[in-house]
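Okay, structure first, notes after.
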Amino acid sequence: MDEFGIYYQPELAGEQVRRVVRLMLVRLGWALLSIVAVIIAWRVWPEATSGWVWWYVGLTGGWALVLLAVDLFRWRFAVADARATAQGLAIGLNRDGVMINREWLPWEEVGSVRALPGRLQTSTRLIATSRDRRSFSVPLDFTDAMPASVDSAMRVLSAGRVWVDLSRLD
């Protein structure tokens with residue numbers, strides 16, 4: 001094995017964007033449905049519900065806005081990952097070095113490579129840092145390789161000089 005290529009799978013990233021949008025719409029729908037049901041109950045039985053109905057509407061609406069804000073961040077992260085996956089080759093490895101997101105690093109210039117869990121349920125990221133502190137990142141969940149196989153390929157092709165720190169994924 002003298003070369004190893006890891007390619008993006010854009011359909012996985014597109015599905016993640018659709019999943020985040022669906023979740024956001026479902027959450028908003030349930031909040032609105034719940035608020036409408038309580039307001040209807042208030043109109044039908046005003047004396048039984050008047051003490052708590054506006055508290056319920058306010059808390060439910062406030063919580064829905066908080067979840068909407070979180071979902072908007074998740075959506076932005078998912079869209080950014082989907083844009084990155086349109087490039088084709090995510091990671092290219094050979095005996096001379098590694099190419100991450102079209103940036104070439106000879107093995108001697110690689111400072112560290114680590115896999116970090118995603119934030120807000122986004123993709124696991126492979127982050128390579130060069131010795132001059134430049135950083136390159138790949139969303140691993142949208143590629144055709146698992147973190148451990150990337151680690152194995154890096155160890156073999158770099159002759160043991162570079163490996164992926166997987167400790168944060170445990």
Side-chain angles (χ1 to χ4, degrees), residues 5-92 99-103 112-129 133-154 164-170:
I6 299 166
Y7 293 88
Y8 284 117
Q9 295 181 320
E11 63 277 1
L12 296 177
E15 180 55 36
Q16 176 67 13
V17 171
R18 287 187 291 279
R19 192 175 315 124
V20 168
V21 169
R22 265 193 318 268
L23 178 64
M24 186 171 20
L25 292 175
V26 166
R27 284 183 178 169
L28 279 175
W30 275 110
L32 290 175
L33 185 65
S34 176
I35 289 172
V36 167
V38 166
I39 290 176
I40 289 172
W42 174 67
R43 296 290 285 167
V44 173
W45 303 288
E47 58 280 338
T49 58
S50 65
W52 57 269
V53 70
W54 297 115
W55 281 101
Y56 182 85
V57 168
L59 290 174
T60 302
W63 185 244
L65 289 175
V66 168
L67 291 178
L68 177 64
V70 170
D71 284 342
L72 285 173
F73 278 112
R74 289 184 60 217
W75 175 76
R76 288 191 63 200
F77 294 147
V79 167
D81 285 347
R83 282 190 188 125
T85 63
Q87 297 176 11
L89 183 66
I91 304 169
M99 182 169 47
I100 297 181
N101 272 345
R102 301 183 191 237
E103 294 289 336
S112 68
V113 182
R114 34 187 191 140
L116 299 176
R119 57 187 189 262
L120 295 177
Q121 299 175 347
T122 58
S123 173
T124 299
R125 308 214 57 91
L126 181 86
I127 300 173
T129 305
R133 306 231 186 243
R134 291 178 298 144
S135 186
F136 311 100
S137 174
V138 170
L140 270 183
D141 292 350
F142 308 128
T143 66
D144 58 357
M146 300 294 287
S149 60
V150 177
D151 177 45
S152 297
M154 278 196 181
V164 180
D165 178 6
L166 301 170
S167 63
R168 294 282 308 268
L169 297 183
D170 293 336

Spatial distance of atom [atom1] ([X]) from atom [atom2] ([Y]) [nearest 0.5 Å]:
X    : Y    : atom1 : atom2 : value
R134 : I100 : CZ    : CD1   : 11.0 Å
Y56  : I35  : OH    : CD1   : 7.5 Å
L28  : L33  : CG    : CG    : 12.5 Å
R102 : F136 : CZ    : CZ    : 14.0 Å
W63  : R27  : CH2   : CZ    : 8.5 Å
L116 : R168 : CG    : CZ    : 5.5 Å

Report task. Kindly determine whether L12 and D141 satisfy side-chain contact (heavy atoms from CB on, under 4.5 Å), including the steps that lead there. Result -> CA-CA 8 Å; L12 296 177; D141 292 350; over 6 Å; no

Mind listing the closest non-hydrogen atom pair of [X] and [Y] along with its distance?
X    : Y    : answer
I127 : S137 : CG1-OG, 4.1 Å
T60  : A31  : CG2-O, 4.2 Å
S149 : M146 : OG-O, 2.7 Å
L166 : A115 : CD2-CB, 3.9 Å
G5   : L89  : CA-CD1, 4.1 Å
A13  : T85  : CB-OG1, 3.7 Å

Check for a donor-acceptor pair, side chain of [X] on one end and backbone N or O of [Y] on the other, with a separation under 3.5 Å.
X    : Y    : answer
S34  : W30  : no
T124 : L140 : no
T49  : W45  : yes

Query - Validation row: Y7, T143 side chains within 4.5 angstrom (heavy atoms) - result: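 A side-chain contact under 4.5 Å is absent here.
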
Query raised in the report: Is the shortest heavy-atom distance from the side chain of I6 to the side chain of D144 under 4.5 Å?
Result: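 Yes, close enough: below the 4.5 Å cut-off.
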
Query raised in the report: Could you go step by step and tell me if W52 and V38 meet the side-chain contact (heavy atoms from CB on, under 4.5 Å) rule?
Result: CA-CA 10 Å; W52 57 269; V38 166; 3.9 Å; yes

Requested in this report: For R74, enumerate each residue passing the salt bridge (Lys or Arg N to Asp or Glu O under 4.0 Å) test, keeping only those at least two apart in sequence or located in another chain.
Outcome: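 Salt bridge (Lys or Arg N to Asp or Glu O under 4.0 Å) list for R74, sorted by chain: D71.
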
Requested in this report: Go through the steps for V20 and Q16 under the test side-chain contact (heavy atoms from CB on, under 4.5 Å), then give the verdict.
Outcome: CA-CA 6 Å; V20 168; Q16 176 67 13; 3.7 Å; yes

Query - Chi angles and distances behind the side-chain contact (heavy atoms from CB on, under 4.5 Å) call for M24, L68 - result: CA-CA 7 Å; M24 186 171 20; L68 177 64; 3.6 Å; yes

Query raised in the report: Below 4.0 angstrom, N of the basic side chain to O of the carboxylate: do R18 and E11 qualify?
Result: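 No salt bridge links R18 with E11.
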
Requested in this report: For R19, look at atom CZ and say whether over 12 heavy atoms of other residues, nucleotides or ligands are found less than 6.0 Å away.
Outcome: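 Enclosed.
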
Report task. Please determine, by modelled atom types, if Y8 and N101 share a side-chain donor-acceptor pair under 3.5 angstrom. Result ->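 Short answer, yes.
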
Report task. Sequence neighbours left out, what passes ring pair (Phe, Tyr, Trp, His ring centres under 6.0 Å) with W42? Give chain and number order. Result ->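 W42: ring pair (Phe, Tyr, Trp, His ring centres under 6.0 Å) contacts with W54.
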
